[in-house]
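Okay, so here's the structure we're looking at.
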Amino acid sequence: MSQLDVAAIRKDFPIFTRTIRDGKKLVYLDSGATSQKPQSVIDAEVDFYSRSNAAAHRGAHQLAEEATEAVEAAREIVANFLGGESDEIVFTKSATESLNLLAYSYTSLITAEDRIVVTEMEHHANLIPWQQLAQRTGATLSWFEVTPEGRLDLSNIDNVITENTKIVSITHQSNVLGTINPLDAIVARAHEVGAVVILDACQSVPHMPINVTELNIDYLAFSGHKAIGPTGVGVLWGRSELLEMLPPFLFGGSMIETVTMTDATWAPAPRKFEAGVPNMAQIVGLGAALNYLSKIGMNNIHLHEIELGSYLLAQLSAIEGLQVVGPVDMQNRGGTISFTFGDIHPHDLGQYLDAQGIAVRTGHHCAWPLTRKLGVAATTRASLYFYNDKDDVDALVSGIIGAKKYFGRE
Amino acid sequence: MSQLDVAAIRKDFPIFTRTIRDGKKLVYLDSGATSQKPQSVIDAEVDFYSRSNAAAHRGAHQLAEEATEAVEAAREIVANFLGGESDEIVFTKSATESLNLLAYSYTSLITAEDRIVVTEMEHHANLIPWQQLAQRTGATLSWFEVTPEGRLDLSNIDNVITENTKIVSITHQSNVLGTINPLDAIVARAHEVGAVVILDACQSVPHMPINVTELNIDYLAFSGHKAIGPTGVGVLWGRSELLEMLPPFLFGGSMIETVTMTDATWAPAPRKFEAGVPNMAQIVGLGAALNYLSKIGMNNIHLHEIELGSYLLAQLSAIEGLQVVGPVDMQNRGGTISFTFGDIHPHDLGQYLDAQGIAVRTGHHCAWPLTRKLGVAATTRASLYFYNDKDDVDALVSGIIGAKKYFGRE
Amino acid sequence: MELDALYQEVILDHYKHPQHKGLVPTYDAQVHHVNPSCGDETTLNISLDNGSIKSISWDGVGCSISQASVSIMSDLMIGKSVKDAEVILNSFVDLMQSKGLKSGDPQILEDGVSMAGVSKFPARIKCALLGWMAYKDAVLSASSK
Amino acid sequence: MELDALYQEVILDHYKHPQHKGLVPTYDAQVHHVNPSCGDETTLNISLDNGSIKSISWDGVGCSISQASVSIMSDLMIGKSVKDAEVILNSFVDLMQSKGLKSGDPQILEDGVSMAGVSKFPARIKCALLGWMAYKDAVLSASSK
Ligand SMILES: Cc1ncc(COP(=O)(O)O)c(C=O)c1O
Ligand SMILES: Cc1ncc(COP(=O)(O)O)c(C=O)c1O
């Protein structure tokens with residue numbers, strides 16, 4: 001297998017010392033929903049609360065200084081991790097907030113003649129905000145379709161992204177199919193017509209090397225909790241000249257320049273977008289998380305997932321009645337693998353696997369239009385991360401086979 | 001002094017074991033900006049990450065079950081703490097988000113004929129969102145003025161809250177003056193004209209007993225981090241029938257009922273307002289925080305702050321050149337005390353105090369229109385909490401006197 | 001093993017041989033309920049006759065728990081008075097909220113007691129209630145005609 | 001004691017006896033800068049003459065650091081060529097960002113080196129820079145006329 005010493009890595013994650021349902025080993029295959037946290041991330045939050053807790057950017061005393069420095073150091077870590085600049089990093093509570101921020105802030109910049117483009121494989125968080133923006137402004141929402149193989153259909157790209165398109169917002173890696181979308185043609189076409197490209201990188205930033213400058217995109221959103229970071233923190237990266245012209249979203253303390261009873265002006269980005277006392281401990285924890293990931297190496301993580309994904313795909317293809325939903329080889333694909341299994345409903349399969357200590361997700365995975373398009377009511381999803389190993393995959397496979405016996409009983 | 005055993009309480013807060021600037025004892029008088037955290041709150045977050053971390057509401061496996069139960073148990077704690085119902089509790093990232101949520105969600109319910117009422121003593125977080133709502137809808141923003149003594153001027157209440165008023169959003173306790181605003185007349189008049197009353201309870205929920213049913217208000221917002229809870233979590237309480245009719249704010253996963261490519265329908269409240277994977281560890285930590293406060297007793301906390309506040313006010317009144325900004329007795333007032341001190345600028349005073357280990361806040365405290373109205377460019381603010389004692393007050397008072405000597409040197 | 005408490009034979013039987021599945025064309029009220037967290041759906045037709053439930057038919061997709069539960073519910077309710085049906089409904093909801101502490105009254109719930117194990121799995125309670133909530137909604141809408 | 005490093009006598013002198021305070025009525029450019037985190041404000045008038053800084057005058061409210069800094073800056077800049085002034089400005093900004101590691105070149109910064117201690121107090125750097133950023137803005141706007 002890969003270069004990673006998974007056994008050593010798992011020792012960094014306290015949750016792997018616990019057991020599930022009557023003493024079973026935890027086989028956690030639900031990192032696509034949220035990832036587990038290493039001790040260093042937990043410690044970073046604890047240290048902040050225990051030593052440096054104060055309102056960042058708002059005091060001249062030593063604790064406030066330390067809190068400010070901790071938050072700004074984390075901003076630099078995020079910027080370096082993404083290949084952007086510190087003042088291009090906006091801290092939010094989640095990718096959901098990051099994407100809603102954009103959709104709200106673009107309200108005054110979009111007219112009824114404009115078009116907004118998404119894809120059929122979007123998570124609800126990168127679909128409904130754009131539906132709502134379209135409804136608010138009268139703009140038209142259009143989308144790339146998904147092929148039966150689970151790939152984006154780019155054959156009609158010039159008709160989907162038209163001269164009137166102002167925003168193209170797409171997922172980098174599908175949270176259902178595992179498909180990694182090719183960006184070059186989309187970015188080229190979008191920029192040709194003067195549209196911005198927003199990347200929902202929730203499922204790519206934690207799993208592979210990302211460089212916003214090389215990708216040549218305009219905005220990127222991800223959530224800390226899927227990248228071994230704390231819950232309650234997300235990131236919006238945006239090109240500085242775009243963040244500068246974009247109106248703010250949440251209004252309150254620390255995002256202002258001057259305020260009267262009737263009006264206010266705004267601080268420069270990123271502060272303009274960070275109203276209120278920040279989610280400081282979570283920001284600091286996210287910094288620790290990205291440092292941990294960098295130490296492991298994003299390319300190592302990506303390669304590990306490809307190896308483990310190939311192994312899982314091979315095993316699954318040998319199970320009669322099991323149908324993978326999405327690409328069946330590891331070409332442009334990550335370690336998130338969804339499937340159906342005969343007439344065993346995903347909910348029942350998931351419950352059976354849970355009884356064996358195996359955590360998977362079942363349902364539409366917040367991508368309901370996609371599952372509907374693919375003709376399934378729900379799927380079972382196993383999502384791999386760098387702390388998973390062959391044993392986890394083997395456990396899943398025997399679990400699936402066990403479920404067949406269990407539910408097949410007469 | 002009061003019933004509280006402050007020495008024992010301080011042992012619960014790890015930050016009090018550290019020292020400031022060359023070994024000085026930490027005198028933390030900046031709880032109005034953010035409060036310190038007891039070990040039990042820190043442990044609650046750590047336990048969540050170490051044992052039960054998974055995406056709440058989104059999985060059928062044991063970890064997801066435990067995460068869901070932990071979040072919903074915290075919701076019940078918050079509901080009981082406020083005297084509301086569980087399904088009336090919306091978790092946000094902060095009071096700032098809670099108030100912005102309301103201001104955005106009311107957009108479609110407000111017309112150019114309507115009036116929105118605030119006060120001159122609002123924090124920016126309860127002012128700018130309403131300025132923006134007024135600008136979006138053409139509605140008129142009006143406000144109660146503040147008297148030179150730092151009280152709300154309610155003499156013209158019927159002219160401020162008119163038949164056209166739809167929203168009255170006011171702070172419960174001023175974060176600058178410490179003034180606790182009387183609500184009865186305002187609530188009565190607002191309800192008489194059919195307006196809703198929104199309470200910015202950031203500075204009251206952590207400091208005194210609150211019961212939303214007895215207050216007869218319609219919405220309430222507060223931040224966890226000011227109530228010994230984690231950063232990155234806030235609360236919006238709303239009457240269930242209001243939350244039911246209110247359109248959602250953030251769009252994404254878990255807040256939907258059905259989704260197609262072009263449209264979506266919403267889950268019932270509170271889920272409708274909680275898009276995305278929640279800030280679970282912070283929600284759980286907030287539950288632990290409110291449990292801790294309940295154990296101490298909110299009335300005990302309130303009484304302790306009144307005693308300590310009286311003591312501080314008495315000491316301050318004896319310092320020549322020191323001018324308290326806000327009420328000078330403890331009638332309807334909390335332990336947040338702002339002042340100016342001759343021609344020593346608050347920033348310089350704060351810096352001197354910091355060198356003695358004393359943390360205060362200086363500036364306009366995110367209430368710029370108020371400080372301007374009171375004719376001061378900035379003030380120094382000491383904000384007391386239940387972990388402060390007479391020694392802290394004494395340290396502040398000698399610090400102020402020391403500053404006079406220090407900056408008076410020729 | 002708790003899993004066996006969840007997946008009782010009776011449940012799997014109803015799942016494999018669902019009762020009253022397939023919508024009848026005439027009805028007093030039709031409702032469509034979904035479980036947004038997993039995508040399960042049920043359409044339910046109801047006809048009343050003089051304060052009694054004349055017919056229930058349904059169609060839908062879902063897991064064994066949701067499908068068996070609507071099947072059991074239909075079996076139970078058809079022919080009952082709306083009043084008696086309410087007692088059954090309340091008894092079932094109460095069982096589902098019992099966190100595994102109740103076993104259900106077989107006099108009232110009949111096959112429904114096989115669902116008792118569900119109450120130990122919070123994420124599945126919604127599955128079990130899907131059809132029952134559809135019934136509740138449908139009977140209300142049919143009665144108010 | 002670090003506090004003394006911050007509050008040098010020179011600073012307190014400038015604070016008590018600010019230079020060039022009080023706005024002159026004629027100017028090529030006027031700017032108004034605020035420090036949003038504390039409310040400090042500075043209005044600054046500038047006149048140029050043939051690539052040189054003929055006059056700077058200012059008014060404002062603020063702490064000793066911000067007031068002394070704009071006073072020191074005015075003293076330094078008046079009479080200099082815009083080019084030389086840029087060198088001084090860059091040198092001062094560099095000193096402020098030095099986190100206490102630099103002491104500043106007295107040849108270039110004169111009284112400005114008394115501000116070196118500020119760089120150890122991140123929250124105060126903005127105070128020290130307020131007047132200098134106002135200058136930077138003003139000279140740009142006056143030059144582009
Ligand atoms: C009265 C008042 N309202 C609103 C806020 C905003 O709270 P937060 O910054 O936690 O959102 C604060 C504190 O900053 C406050 O004191
Ligand atoms: C592709 C994708 N986009 C957006 C989201 C939303 O992330 P969050 O719920 O953390 O805001 C998720 C995960 O839920 C996701 O997988």
Side-chain angles (χ1 to χ4, degrees), chain A residues 14-15 18 20-21 30 33-34 36-37 42 45-46 49-51 53-55 58-63 93-94 96-97 100 124-125 128-129 131-132 141 143 225 230-232 250-253 256 259-264 275-277 279-282 347 350-351 354 359 361-362 366 368-369, chain B residues 14-15 18 20-21 30 33-34 36-37 42 45-46 49-51 53-55 58-63 93-94 96-97 100 124-125 128-129 131-132 143 225 230-233 250-253 256 259-264 275-277 279-282 347 350-351 354 359 361-362 366 368-369:
Chain A
I15 207 164
R18 74 161 279 173
I20 297 292
R21 308 258 186 237
D30 197 17
T34 199
Q36 297 305 337
K37 324 298 176 202
I42 298 172
E45 280 209 59
V46 171
Y49 289 134
S50 306
R51 291 202 44 80
N53 178 66
R58 290 197 184 182
H61 56 82
Q62 187 181 352
L63 292 183
K93 71 171 178 177
S94 62
T96 296
E97 185 192 342
N100 276 275
H124 295 162
I128 312 179
Q131 292 178 352
Q132 293 288 318
L141 184 72
W143 53 84
H225 71 90
T231 60
L250 297 182
F251 302 90
I256 55 97
V259 183
T260 66
M261 278 310 290
T262 52
D263 218 343
V277 173
N279 40 355
M280 299 173 291
Q282 293 73 48
H347 229 144
Q351 194 80 53
D354 171 54
R361 187 160 164 204
T362 64
C366 300
W368 211 339
Chain B
I15 206 163
R18 75 162 278 172
I20 297 293
R21 308 260 185 233
D30 197 17
T34 198
Q36 297 305 336
K37 323 298 176 203
I42 299 173
E45 279 210 59
V46 170
Y49 289 135
S50 305
R51 292 201 44 79
N53 178 67
R58 290 195 183 185
H61 56 81
Q62 187 182 352
L63 292 183
K93 70 170 176 175
S94 61
T96 298
E97 186 191 342
N100 277 274
H124 295 161
I128 313 179
Q131 292 178 350
Q132 294 289 317
W143 54 85
H225 70 91
T231 60
V233 61
L250 296 181
F251 302 91
I256 57 98
V259 183
T260 66
M261 278 311 289
T262 51
D263 218 342
V277 173
N279 39 354
M280 300 172 289
Q282 291 73 48
H347 228 145
Q351 194 81 52
D354 171 53
R361 188 164 164 202
T362 64
C366 301
W368 212 338

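In the text below, chain A, chain B and the rest are named by the order of the sequence lines, each starting its count at 1. Computed from a predicted structure; not experimentally measured.
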Check whether any side-chain heavy atom of [X] lies under 4.5 Å from a side-chain heavy atom of [Y], and answer yes or no.
| X | Y | value |
| --- | --- | --- |
| A/Lys37 | A/Pro14 | no |
| B/Arg18 | A/Leu63 | yes |
| B/Trp368 | A/Ile256 | yes |
| B/Pro129 | B/Gln132 | no |

Best-contacting candidate, [options], against chain B by heavy atom pairs under 4.5 angstrom:
| options | answer |
| --- | --- |
| A/Ile42, A/Thr96, A/Asn100 | A/Asn100 |
| A/Glu45, A/Lys93, A/Met280 | A/Lys93 |
| A/Asp354, A/Asp30, A/Asn279 | A/Asp354 |
| A/Gln131, A/His124, A/His347 | A/Gln131 |
| A/Ile128, A/Thr34, A/Ile15 | A/Ile15 |
| A/Ile20, A/Val46, A/Asn53 | A/Asn53 |

Inset, instruction - Counting only heavy atoms closer than 4.5 Å, note whether B/Arg51 contacts chain A via side chain, backbone, both or neither. - result: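 B/Arg51 touches chain A through backbone and side-chain heavy atoms alike.
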Legend entry - chain B contact via A/Leu250 - side chain, backbone, both or neither, heavy atoms under 4.5 Å: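 Looking at A/Leu250, backbone and side chain both touch chain B.
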Legend entry - For A/Gly350 against A/Thr362, the heavy-atom pair lying closest together: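 Nearest heavy atoms, A/Gly350 then A/Thr362: CA-CG2, 3.9 Å.
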Legend entry - Pairs of heavy atoms under 4.5 Å with chain A: top-ranked of B/Arg58, B/Glu97, B/Met261, B/His225: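 Result: the option with the highest number of such pairs is B/Met261.
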Inset, instruction - Verify the distance criterion only: is there a donor paired with an acceptor across the side chains of B/Gln36 and A/Tyr49 at less than 3.5 Å? - result: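 A/Tyr49 and B/Gln36 do not have a side-chain donor-acceptor pair below 3.5 Å.
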Inset, instruction - State, without any angle test, whether A/Gln282 and A/Thr231 hold a side-chain donor-acceptor pair at a distance under 3.5 Å. - result: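 No.
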